[in-house]
Amino acid sequence: MALQLQSVLLRNLNRCIKPWKKRFHNKPYVRIVEVGPRDGLQNEPVNVPTNIKTELINKLSETGLRTIEVTSFVSPKWVPQMGDNVDVYSGITKKDDISYPVLIPNLKGLESAMKVGVREIAVFASASEGFSQKNTNCSIQEGINRIRDLVVVAKRENLKIRGYVSCVVGCPYDGHIQPSSVTKVTEALLSLGCYEISLGDTIGVGTRKTIENMIIDLLKITTPEKLAIHCHDTYGQALVNICTSLEYGIRVVDSSVSGLGGCPYAKGATGNVATEDLIYMLNGMGMETGVDLKKLIEAGRYITDFIKKPSASKVNNALFSKYFN
Ligand code: HMG
Ligand code: MG
């Protein structure tokens with residue numbers, strides 16, 4: 001078993017590192033998916049005006065990030081903070097080499113997003129029944145059926161489709177989640193045409209062992225190139241869990257500038273791992289992200305100053321005065 005595991009690890013590492021090493025002067029590349037403007041701000045109780053959101057996104061666009069999830073086209077009755085999705089998407093300055101995905105729950109959301117020219121969408125399902133009901137008012141299977149209906153249209157329009165699976169190790173309503181439940185939903189989303197599945201530890205309860213068990217099960221049906229990791233940092237385990245994912249060959253990591261956020265339907269869960277902390281760690285590991293840490297720190301401070309909260313990023317707190325005073 002140990003030998004088998006070791007050879008899976010080595011095979012995955014080699015396969016993922018080789019192409020990126022070439023592009024980035026032999027440094028392995030990790031793509032960061034910045035989710036602060038969506039996952040971060042969706043949980044913010046004070047109304048953040050549209051112009052503040054667009055300015056944050058424009059600042060993030062200057063940092064070297066290649067993917068920024070900018071808003072969601074969910075029901076404003078469920079998440080009022082995202083109700084200005086059309087104005088946010090239309091108001092940002094888009095760069096050709098950056099993708100600006102938006103979160104889509106149903107056909108209605110997709111239709112609104114297409115009207116403003118969205119090119120990449122993210123669909124979301126859950127590995128737990130309890131969270132599926134609370135977050136989307138339907139069962140896991142009904143959620144997948146909804147996604148099936150909307151991806152038919154999205155594919156016809158040549159949109160890129162990313163998938164999320166929430167509650168990959170634990171659920172605020174159902175407790176511990178079996179790896180096989182995650183694998184089943186991931187397989188369904190991949191078969192619908194998602195180019196990549198982001199594995200959401202929605203409430204940040206994962207540890208090295210539970211994350212590892214979940215990934216090992218997934219690697220029976222897919223390869224690490226099809227996976228991303230999305231860790232909320234409620235219990236301070238996010239960086240460890242990301243390192244574990246990197247060991248298994250995953251090379252796409254979601255994060256939120258200054259650790260903004262949480263999920264409105266997962267009470268008590270804090271924001272994603274802070275992008276600044278993630279970049280600092282990856283820099284230290286000799287991995288390339290293309291992201292300028294100083295510019296990122298400035299963007300993070302811009303939004304935490306506005307919402308009048310201290311930054312949840314330790315790196316931002318440690319380096320801000322060094323860079324800007
Ligand atoms: P529902 O109430 O069952 O839907 O919600 P409905 O079809 O009955 O519609 C209710 C009302 O909402 C209607 O308005 C619809 O028109 C409207 P009314 O007729 O009453 O005036 N509506 C919409 N309006 C605008 N855009 C739409 C839309 N859809 C319906 N797209 C629904 C079902 C899925 C819509 C709802 O449950 C919902 O929007 N849920 C989203 C909740 C959410 O955004 N959660 C956070 C994101 S997920 C997350 O954070 C996890 C993630 O980060 C990964 C991780 O960490 O694990 C991705
Ligand atoms: Mg999330």
Side-chain angles (χ1 to χ4, degrees), residues 33-44 69-86 89 101-116 118 121-128 130-140 142-147 149-150 153-154 162-174 177 181-182 185-186 189 194 196-206 211 214 228-234 238 241 253-256 259-275:
V33 176
E34 168 61 49
V35 295
R38 193 280 301 171
D39 204 352
L41 294 183
Q42 72 181 8
N43 203 39
E44 192 44 52
E69 196 173 87
V70 289
T71 185
S72 63
F73 284 76
V74 299
S75 170
K77 293 193 168 138
W78 285 63
V79 186
Q81 185 70 260
M82 297 285 111
D84 59 354
N85 42 32
V86 164
Y89 194 83
V102 300
L103 195 75
I104 300 286
N106 54 17
L107 258 173
K108 189 179 169 87
L110 179 65
E111 280 159 9
S112 312
M114 282 179 353
K115 281 191 192 139
V116 287
V118 162
I121 63 168
V123 295
F124 55 111
S126 170
S128 81
F131 187 72
S132 184
Q133 289 291 351
K134 290 278 198 264
N135 196 40
T136 49
N137 205 20
C138 66
S139 68
I140 298 174
E142 285 163 343
I144 289 171
N145 296 344
R146 253 183 216 167
I147 293 170
D149 291 344
L150 79 88
V153 180
R162 190 172 197 248
Y164 282 105
V165 179
S166 288
C167 297
V168 293
V169 284
C171 167
Y173 311 103
D174 299 353
I177 299 300
S181 309
V182 182
V185 179
T186 301
L189 292 184
C194 294
E196 169 179 294
I197 304 299
S198 178
L199 304 163
D201 181 6
T202 316
I203 52 172
V205 288
I211 293 286
M214 183 261 302
I229 189 82
H230 176 109
C231 292
H232 287 258
D233 201 23
T234 320
N241 294 338
V253 182
D254 300 0
S255 61
S256 174
L260 291 175
C263 175
Y265 296 97
K267 233 182 167 20
T270 65
N272 291 82
V273 65
T275 312

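Atoms within each ligand, like the ligands themselves, are counted from 1 in listed order.
- Among the atoms of D39, an N, O or S atom is found under 2.8 Å from the Mg ion (ligand 2).
- Heavy-atom contacts of T136 reach the following atoms of ligand 1: 33 (C), 34 (C), 37 (O) (cutoff under 4.0 Å).
- When only modelled atom types and interatomic distance are considered, S255 and T275 share a side-chain donor-acceptor pair under 3.5 Å.
- Residue contact check: G109 has heavy atoms under 4.0 Å from atoms 31 (N) of ligand 1.
- Nearest to atom 28 (C) of ligand 1 by heavy atom, out of Q81, K77, K108, is K108.
- In summary, the atoms of ligand 1 found under 4.0 Å from a heavy atom of N137, numbered by their order in the structure, are 1 (P), 2 (O), 3 (O).
- Using a 4.0 Å cut-off between heavy atoms, D201 makes no contact with ligand 1 at all.
- Although no hydrogens or angles enter the test, the distance criterion places a donor-acceptor pair under 3.5 Å between the side chain of T270 and the main chain of T234.
- Between P105 and ligand 1, a contact under 3.5 Å exists for no N or O pair.
- Between NE2 of H232 and NE2 of H230, the angle at the Mg ion (ligand 2) works out to 90°, rounded to 10 degrees.
- Remark: among candidates H230, R146, R38, the nearest residue to atom 34 (C) of ligand 1 is R146, based on non-hydrogen atoms.
- When each of V205, V182, I177 is tested with V169 by the rule side-chain contact (heavy atoms from CB on, under 4.5 Å), just one qualifies, namely V205.
- Between H230 and Y164, the ring planes are perpendicular. Angles over 60° get that label, and only those under 30° would be called parallel.
- Proximity to L103 (heavy-atom distance under 4.0 Å) selects the following atoms of ligand 1: 47 (C).
- Nearest heavy-atom pair, A125 versus V185, reported as atom, atom and distance to 0.1 Å: CB-CG1, 3.8 Å.
- Of all atoms in ligand 1, listed by their number and element, those nearer than 4.0 Å to a heavy atom of H232 are 56 (O).
- Counting atoms of ligand 1 from 1 in the listed order, those under 4.0 Å from a heavy atom of S166 are 51 (C), 54 (C), 55 (C), 57 (O).
- Here the straight-line distance linking atom OG of S128 with atom NZ of K134 works out to 10.5 Å at 0.5 Å rounding.
- Only the side chain of Q42 comes within contact range of ligand 1, with a heavy atom under 4.0 Å; no backbone atom does.
- The shortest heavy-atom contact between A228 and E196 is CB-OE2, 3.9 Å.
- R146 contributes atom CZ, which lies 14.0 Å from atom CG of L110 (distance to the nearest 0.5 angstrom).
- Cation-pi check for K108 over F73 is not met; the charged atom does not lie both under 6.0 angstrom from the ring centroid and within 45 degrees of its normal.
- No donor-acceptor distance shorter than 3.5 angstrom exists from the side chain of T71 to the backbone of V102, with no hydrogens or angles considered.
- Within the set T202, V74, N135, I203, the minimum heavy-atom distance to atom 42 (C) of ligand 1 is found for N135.
- With ligand atoms numbered from 1 in the order given, ligand 1 contributes 54 (C), 58 (C) to contacts under 4.0 Å with heavy atoms of Y164.
- Shown in contact with D39 at under 4.0 Å from a heavy atom are these atoms of ligand 1, numbered in order with element: 50 (O), 53 (O).
- I140 approaches S132 most closely through the heavy-atom pair N-OG, 3.4 Å.
- In terms of polar-atom proximity, P76 is not counted as a contact of ligand 1, lacking any N or O under 3.5 Å from an N or O of the ligand.
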